There are 2 protein chains.
Amino acid sequence: MSRSNPRVLSTLERAGGFASAQEIYRLMQREGESIGLTTVYRALQSLVNDKIVDVLRRDDGEAIYRLCGEAHHHHLVCKGCGDTVEIEGGAIEKWAKMMAEEHGFRDVGHTAEIFGLCAKC
Amino acid sequence: MSRSNPRVLSTLERAGGFASAQEIYRLMQREGESIGLTTVYRALQSLVNDKIVDVLRRDDGEAIYRLCGEAHHHHLVCKGCGDTVEIEGGAIEKWAKMMAEEHGFRDVGHTAEIFGLCAKC
DNA sequence: AACGGAAATGAAAACCATTTTCATTTGTGC
DNA sequence: GCACAAATGAAAATGGTTTTCATTTCCGTT
Ligand SMILES: [Mn+2]
Ligand SMILES: [Mn+2]
Ligand SMILES: [Zn+2]
Ligand SMILES: [Zn+2]
């Protein structure tokens, strides 16, 4: 199940920030790399599975991918330009743990993202 | 520009909570209402425009709509059986507001979900 | 009531990201 | 080299959403 194609990962690194599968594919083509769109999708899925990249959705529904730092973190994303800030989520961690406990849930994880307009937009 | 079809709005109300355009369309059909899918989409777009309805995206990319009036809340979802608990998110609201302020973002919304195993699973 | 232009409607086609299929290629252990 | 599994990618399918465009419904004016 390890389809994390290193060329796709390297391209995503080089892109810096978020990029969609289509964008990564076009980038690789423009740079003369031979790869199929299907493989790009599969590599990204695998990277998400392995928690090496984060995936979220643009407003238009297209999935965008980004390398995830080591530490657990959350995102503040600009709806205008796509700029992203990694933010600390201590409050969320506590909230999630408390809510889970309160309702008898165990083995919990969480997702939390903030969307808005950055100062430039 | 006022295409907020009242029958679509009423169906969304009746659905309670989130519903996709397709779901609303199917619901109306099942109840014998004559309407086109295109009209459902246009009505929802218009309602979002008028800020009567919120729109967000499911993980699979499908857009889901919800009346703005309903109280804002979050979900605690069981990965085993799918059971969902609606939970209060005051801590999240504060966190989101604080993070946005800190980074000069405005007009912010957020998503937050907790996933785990419920007591039964 | 009759006319006329504007808005609304919806069926069908277009669009487009993503997934699936499947034949082919590549890699790996023996 | 051989056999078998995994990876690849072109092409087709999928499915939500948007566009097109012909038709119908509204509405204000005569
Ligand atoms: Mn995180
Ligand atoms: Mn909230
Ligand atoms: Zn911005
Ligand atoms: Zn459960």
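Each chain gets a letter, A, B and so on, in the order the sequences are listed, and its residues count up from 1. Every value quoted in this text rests on a predicted model; they were computed, and no experiment measured them.
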Atom-to-atom span, CG of A:Leu44 to P of D:dT8 - whole angstrom = 13 Å
Is any side-chain N or O of B:Tyr41 closer than 4.0 Å to OP1 or OP2 of D:dT18?
-> no
Among residues 57-64 of chain B, which residues get a heavy atom nearer than 4.0 Å to DNA chain D?
-> B:Glu62, B:Ala63
Between the side chains of B:Arg7 and B:Thr11, does any donor sit under 3.5 Å from an acceptor?
-> no
What is the distance from CG of B:Leu56 to P of D:dG16, rounded to the nearest Å?
-> 17 Å
Might you confirm whether atom CD of B:Glu33 has over 12 heavy atoms from other residues, nucleotides or ligands at distances under 6.0 Å?
-> yes
Rounded to the Å, how far apart are A:Gln45 CD and D:dG9 P?
-> 15 Å
Donor-acceptor pair, side chain of B:His110 and main chain of A:Glu113, under 3.5 angstrom | no
Any donor-acceptor N or O pair under 3.5 Å, side chains B:Gln29, B:Tyr25 = yes
Between D:dG9, D:dT8, C:dA8, which nucleotide gets closest to the side-chain atoms of A:Ser34?
-> D:dG9
Carboxylate-amine/guanidinium contact A:Arg66 A:Asp54, below 4.0 Å | no
Whole-Å distance separating the CZ atom of A:Arg7 from the C1' atom of D:dT8 | 10 Å
Atom pair distance, as rounded to whole Å: CG in B:Asn5 and P in D:dC26 = 12 Å
Rounded to whole angstroms, how far apart are CD1 on A:Ile24 and C1' on D:dG9?
-> 17 Å
Which distance, rounded to the nearest 0.5 Å, do you find between the NZ of A:Lys51 and the SG of A:Cys68?
-> 9.5 Å
For atom CD of B:Glu23 and atom C1' of D:dT17, their distance in whole Å | 15 Å
Is a salt bridge present between A:Arg14 and A:Glu31, judged by a nitrogen-to-oxygen distance below 4.0 Å?
-> yes
Which atoms form the tightest heavy-atom contact between A:Arg58 and B:Arg57, and what is the distance?
-> O-NE, 4.2 Å
Atom pairs, N/O to N/O, protein against nucleotides 11-16 of chain C, distance under 3.5 Å?
unit_1	atom_1	unit_2	atom_2	d
C:dA11	N6	B:Thr38	OG1	3.3

Would you say the side chains of B:Asp50 and B:Ser4 form a donor-acceptor pair under 3.5 Å?
-> yes
